Novice: 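Structure in C-alpha cells, see below.
Here, residue 1 is the first one in the sequence, and each next residue gets the next number. This structure is a prediction, so every number in the text was calculated from the model and none was measured.
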Amino acid sequence: MRCYLHAFLLCVAFAFFSLLYVFSQLAATLEDRDEWRRVDDGAPRGSGHDTGRILRKTPGLAGLGDREGGLDRCKSLSVSYWKPYWRLPADVCGVNCLLESSLSERSGSDAEQHKDERSHLAVVACGSRLEETLTMLKSALLFSRKPLHFYIFAEDELHDGFRDALDLWPRTFQAKFTFTIYPITFPKENAKEWKKLFKPCASQRLFLPLILKEVDSLLYVDTDILFLQPVENIWALLSHFNANHLAAMAPEHEEPRIGWYNRFARHPYYGKTGINSGVMLMNMTRIREKFFKNDMTAFPLKWEEILMPLLQKYKLNITWGDQDLLNIIFYHNPESLYVFPCQWNYRPDHCIYGSNCQQAEQEGVFILHGNRGVYHNDKQPAFRAVYEAIKKHPFGENMETSLLQPLEASLLTTTNSYCGRASHLFTKRLKQSISSVQREKTMERTSR
C-alpha cells in the first residue's frame, strides 16, 4: 500500500511541476509580447490592418503601401535594412526605395490599381540558397500577369547579393514587381534554438504574421519552389476561404502507405497524412486575431503565445521542425485550414514510386517543389531539368524556343525514373502559361 502511495505522490508532483513549467513558458511569452508591443508603440503607426478586429473572408491586398504616407514615404530616401524589433517604421523605406519611389510618381489611380492587384510573396533564404531563391522569384515573375511584391527574409551576408541581382533584371520585368529585404529575426529568448530548428532559418515563417503586421494576406513558399503558372492563380484561392479558414496548405502525402506522419510521427498531425508547409497561403489578419485551441492549457492561446510553449513541449518529438508545429496547431484547429490539392505543391513523393497525384494527372502540375535537394543532384533528373531550364532562360527571349523546347528535350532523357515517366505533367500547365504570355506579347505588339 505504501508503494502505491509513493507512486501516487510522485505522479502528483510530476504533474504539478509540468504545469508550473508550461505556465512559466506562457508567462515568458506574454512578457515578450508586451515588449514587442511597447517597442511597436514607439514606432509611427499607419493605417494598417491592425486597427480593425473584424475577420476578413476575402483577402486584403494592401501591404507596405498602406502605411502612413503610402509610397510617398520613400521620397525622403531614408533607407533601413534593420529596425528592431519586428518592423520597419512607416517613414523608413525598405531596401527597394528607388523602385517604390518610381511607383509613387505614377498617377494616383494607377498606383491605387497597382496596390489593389498585387500578390504578396514571401521567402526565407539562408546559407547557399541565393541562386535557388532567385530562380524561384524568376519563375513567379515570368508567368504572372499581375504585379508582385516580394518579402525576402535573408541572412545579412545575402542582402547585397539579392539587391544586386534583382537590380540587374531588365527594366520591363522590374516594372512588374517591388521587393523588400528583411533580416532573419526571432524572439530574443531561444533565438538560436528557433534558427537551428530543422533547416537554417526555416522556422522564420512561423513569425511572419508578427513581423509583417501591415500585411493582410501572404503567400509563403520555400526557396525550392518553381511556379509553372501565374502566382495570382494560387492567390485567388483566398476567395475560397470560408469564415473560419486562415491558412491553406497541401497534404504531405496522397498515399498513406508511403506517408511519413501516419507511420512515424510522435506528435499530433493534421488529417490522415499531415500537411506540407512548403507552399502556405495565409490570411495573416485572421492568424493574428484567432485564439488557438491546444493541448497545453485549458484555454485557447493567440499565435504569439502558443509558439514557444509548443516548441518546449514537443522539441524532442519533432523531426521536420516548424512544419511539425504547424501540424500540431491544425490538428487541434482543423476548421481553420483550407486544404488545396497536391498539384499546388508537387514533390518527388508524388511520383518517386509511381504517380499518385490525381489532380496533376488531370490538369498538370501548378507548382513544383524540389525538396530533398533534387534540383542540385541526380536523384530526380526530371525535377532538375525544370529548374535548369528556368534558371538558364534569358529574360525577354521567346519562352517557347528558349525554355519549353530545351526543357522537353531534357525531359526525354529522364524516362528511366518514375518521375521522368510522369514529366509530361510538369509541362502540361507550363505550356498553357507560356502560350498565354506569348499571346499577350503578340497583342501588345499589334496594338502599338
Novice: Ile258 and Asn356: side chain to side chain contact (heavy atoms under 4.5 Å, CB included), yes or no, with the steps?
Specialist: CA-CA 11 Å; Ile258 62 172; Asn356 60 61; 4.0 Å; yes

Novice: Drop me the distance from Ser336's OG to Asn283's CG, to the nearest 0.5 angstrom.
Specialist: 11.0 Å

Novice: Looking at every non-hydrogen atom in both residues, tell me the closest pair between Gly278 and Asn345 and how far apart they are.
Specialist: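 In terms of heavy atoms, the two residues are closest at N-ND2, 4.2 Å.
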
Novice: Quiz question: by atom type and distance under 3.5 Å, do the side chains of Gln323 and Tyr261 form a donor-acceptor pair?
Specialist: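 Result is yes, a qualifying pair exists.
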
Novice: By salt bridge (charged side-chain N to carboxylate O under 4.0 Å, His left out), which residues pair with Glu254, not counting sequence neighbours?
Specialist: none

Novice: Looking at Lys146, I want to see if its NZ is surrounded by more than 12 non-hydrogen atoms of other residues, nucleotides or ligands under 6.0 Å.
Specialist: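 No, NZ of Lys146 has 12 or fewer neighbouring heavy atoms, counting only those of other groups under 6.0 Å.
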
Novice: Side chains of Glu252 and Asn276: donor-acceptor distance under 3.5 Å anywhere?
Specialist: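 Distance-only check passes for Glu252 and Asn276.
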
Novice: How far apart are the C-alpha atoms of Tyr151 and His149, what are their side-chain angles, what is the distance that settles it, and do they pass the ring pair (Phe, Tyr, Trp, His ring centres under 6.0 Å) test?
Specialist: CA-CA 7 Å; Tyr151 301 84; His149 185 87; 4.5 Å; yes

Novice: Between CD1 of Ile434 and CG of Leu403, what distance do you get to the nearest 0.5 Å?
Specialist: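 Ile434 CD1 to Leu403 CG: 5.0 Å, rounded to 0.5 Å.
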
Novice: Please enumerate all residues that pass salt bridge (charged side-chain N to carboxylate O under 4.0 Å, His left out) together with Asp224, with sequence neighbours excluded.
Specialist: none

Novice: Is the distance between the ring centroids of Tyr270 and Tyr331 under 6.0 Å?
Specialist: no

Novice: Verify the distance criterion only: is there a donor paired with an acceptor across the side chains of Glu388 and Ser410 at less than 3.5 Å?
Specialist: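 Distance-only check fails for Glu388 and Ser410.
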
Novice: Assess whether a salt bridge exists between Asp216 and Arg288, defined as any Lys/Arg side-chain N lying under 4.0 Å from an Asp/Glu carboxylate O.
Specialist: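 No.
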
Novice: Between Asp322 and Leu206, is there a donor-acceptor pair closer than 3.5 Å when you use the side chain of the first and the backbone of the second?
Specialist: no

Novice: How far apart are the C-alpha atoms of Leu307 and Phe207, what are their side-chain angles, what is the distance that settles it, and do they pass the side chain to side chain contact (heavy atoms under 4.5 Å, CB included) test?
Specialist: CA-CA 9 Å; Leu307 295 177; Phe207 299 94; 3.7 Å; yes

Novice: Have Tyr375 and Asn377 got a donor and an acceptor in their side chains that come within less than 3.5 Å?
Specialist: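 The criterion, which ignores hydrogens and geometry beyond distance, is not satisfied for Asn377 and Tyr375.
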
Novice: Got Met136 and Phe227 here, is their nearest side-chain heavy-atom distance under 4.5 Å?
Specialist: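 A side-chain contact under 4.5 Å exists here.
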
Novice: State the OG1-CD1 distance between Thr133 and Ile225, to the nearest 0.5 angstrom.
Specialist: 11.0 Å

Novice: Determine whether His393 and Met399 make a side-chain contact, defined as any pair of heavy atoms from C-beta on separated by less than 4.5 Å.
Specialist: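 Of all side-chain heavy-atom pairs linking Met399 with His393, at least one is under 4.5 Å.
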
Novice: Is it the case that the side chain of Asn244 and the backbone of Glu335 share a donor-acceptor pair, with hydrogens and angles ignored and the cut-off at 3.5 Å?
Specialist: no

Novice: With rounding to the nearest 0.5 Å, note down the distance linking CG in Asn327 to CH2 in Trp320.
Specialist: 12.0 Å

Novice: Within the 4.5 Å heavy-atom criterion, are Phe292 and Leu246 side-chain neighbours or not?
Specialist: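 Yes, their side chains come closer than 4.5 Å.
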
Novice: Any side-chain donor-acceptor pair under 3.5 Å between Glu132 and Thr223?
Specialist: yes

Novice: Report the distance from atom CZ of Phe186 to atom CE of Met308, rounding to the nearest 0.5 Å.
Specialist: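 Atom-to-atom, Phe186:CZ and Met308:CE are 10.5 Å apart.
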
Novice: Using the side chain to side chain contact (heavy atoms under 4.5 Å, CB included) rule, take Asp324 and Lys315 through it: C-alpha gap first, then chi angles, then the decisive distance, then the call.
Specialist: CA-CA 10 Å; Asp324 291 347; Lys315 64 182 177 181; over 6 Å; no

Novice: Can you name the nearest heavy-atom pair linking Pro348 to Gln380, along with the distance?
Specialist: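 Of all heavy-atom pairs spanning Pro348 and Gln380, the closest is CB-CG, 4.3 Å.
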
Novice: Can you confirm whether Asn262 sits close enough to Lys272 that some side-chain heavy atom of one is under 4.5 Å from a side-chain heavy atom of the other?
Specialist: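 They are not in side-chain contact.
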
Novice: Main chain of Val123, side chain of Arg205: is a donor-acceptor contact present, judged purely on distance under 3.5 Å?
Specialist: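 No; judged by distance alone, with no hydrogens or angles, the pair does not exist.
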
Novice: Quick one: does any side-chain atom of Arg129 pair with a main-chain N or O of Ala125 as donor and acceptor, under 3.5 Å?
Specialist: no

Novice: Under the criterion ring pair (Phe, Tyr, Trp, His ring centres under 6.0 Å), which of Tyr387, Tyr346, Phe366 is the partner of Phe426?
Specialist: Tyr346

Novice: For a 4.5 angstrom cut-off between non-hydrogen side-chain atoms, does Phe179 reach Leu166?
Specialist: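 Of all side-chain heavy-atom pairs linking Leu166 with Phe179, at least one is under 4.5 Å.
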
Novice: Between Leu411 and Ala382, which heavy-atom pair has the shortest distance, and what is it?
Specialist: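 Distance-wise, the nearest heavy atoms are CD2-O, 3.7 Å.
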
Novice: Work out which heavy atom in Ala247 is nearest to a heavy atom in Phe330; give both atom names and the distance.
Specialist: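 Distance-wise, the nearest heavy atoms are CB-CZ, 3.9 Å.
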
Novice: Provide the closest heavy-atom pair for Val215 versus Met284 in the form atom of the first, atom of the second, distance.
Specialist: O-CE, 3.6 Å

Novice: I want to check something: taking the side chain as every heavy atom from C-beta on, are Lys391 and Lys138 in contact at a cut-off of under 4.5 Å?
Specialist: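 No. Closest side-chain heavy atoms not under 4.5 Å.
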
Novice: Just how far is it from atom CD1 of Ile318 to atom CG of Leu311, taken to the nearest 0.5 Å?
Specialist: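 The CG atom of Leu311 is 6.0 Å from CD1 of Ile318, to the nearest 0.5 Å.
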
Novice: So with a 6.0 Å cut-off around NZ of Lys379, is the heavy-atom count from everything else above 12?
Specialist: no

Novice: Going by the side-chain hydrogen bond (donor to acceptor under 3.5 Å, both in side chains) test, name the single residue among Gln358, Glu363, Gln359, His350 that passes it with Gln343.
Specialist: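 Going through the options one by one, the only one that passes is Glu363.
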
Novice: Between the side chain of Ser119 and the main-chain N/O of Val231, is any donor-acceptor distance below 3.5 Å?
Specialist: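 No, the answer is negative, given that no donor and acceptor are paired below the 3.5 Å cut-off.
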
Novice: Assess whether atom OH of Tyr418 is packed by more than 12 heavy atoms of other residues, nucleotides or ligands within 6.0 Å.
Specialist: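 Incorrect, the count does not exceed 12.
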
Novice: Side chain to side chain contact (heavy atoms under 4.5 Å, CB included) for Tyr220 and Val124? Distances and angles first, verdict last.
Specialist: CA-CA 9 Å; Tyr220 165 86; Val124 178; 3.9 Å; yes

Novice: Using modelled atom types and a 3.5 Å cut-off, is there a donor and acceptor pairing between side-chain atoms of Thr185 and backbone atoms of Pro183?
Specialist: yes

Novice: Tell me whether Glu155 contacts the main-chain N or O of Glu157 through its side chain, where contact means a donor paired with an acceptor under 3.5 Å.
Specialist: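 No; judged by distance alone, with no hydrogens or angles, the pair does not exist.
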
Novice: Residues two or more places apart in sequence or in another chain: which of them pass ring pair (Phe, Tyr, Trp, His ring centres under 6.0 Å) with His369?
Specialist: none

Novice: With side chains defined as the heavy atoms from C-beta onward, is the minimum distance between Leu158 and Ile181 less than 4.5 Å?
Specialist: no

Novice: Once you find the SG atom in Cys351 and the one in Cys419, is the distance between them below 2.5 Å?
Specialist: yes

Novice: Would you say that Leu212 contacts Tyr182 through its side chain, given a criterion of any heavy-atom pair below 4.5 Å between the two side chains?
Specialist: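 Of all side-chain heavy-atom pairs linking Tyr182 with Leu212, at least one is under 4.5 Å.
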
Novice: Are Glu408 and Lys431 ion-paired here, with the side-chain N under 4.0 Å from a carboxylate O?
Specialist: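 Answer for the salt bridge query: yes.
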
Novice: With no hydrogens and no angle check, is any side-chain donor or acceptor of Gln229 less than 3.5 Å from a backbone partner on Phe143?
Specialist: no

Novice: Would you check if there is a donor-acceptor pair between the side chains of His120 and Ser217 at a distance under 3.5 Å?
Specialist: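 Looking only at side-chain atoms, His120 and Ser217 do not form any donor-acceptor pair under 3.5 Å.
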
Novice: Answer yes or no: is there an ion pair linking Lys302 with Glu305, defined by an N-O contact shorter than 4.0 Å?
Specialist: no

Novice: Has the side chain of Ser402 got a donor or acceptor atom that lies under 3.5 Å from a matching backbone atom of Asn398?
Specialist: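 Indeed, once roles are kept as given, a pair shorter than 3.5 Å links the two residues.
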
Novice: Check whether any side-chain N or O of Lys176 sits under 3.5 Å from a backbone N or O of Leu141 as a donor-acceptor pair, and report yes or no.
Specialist: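 Yes.
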
Novice: Any chance the side chains of Gln438 and Glu400 put a donor and an acceptor closer than 3.5 Å?
Specialist: no

Novice: Look at atom CZ of Phe173 and say whether more than 12 heavy atoms of other residues, nucleotides or ligands are closer to it than 6.0 Å.
Specialist: yes

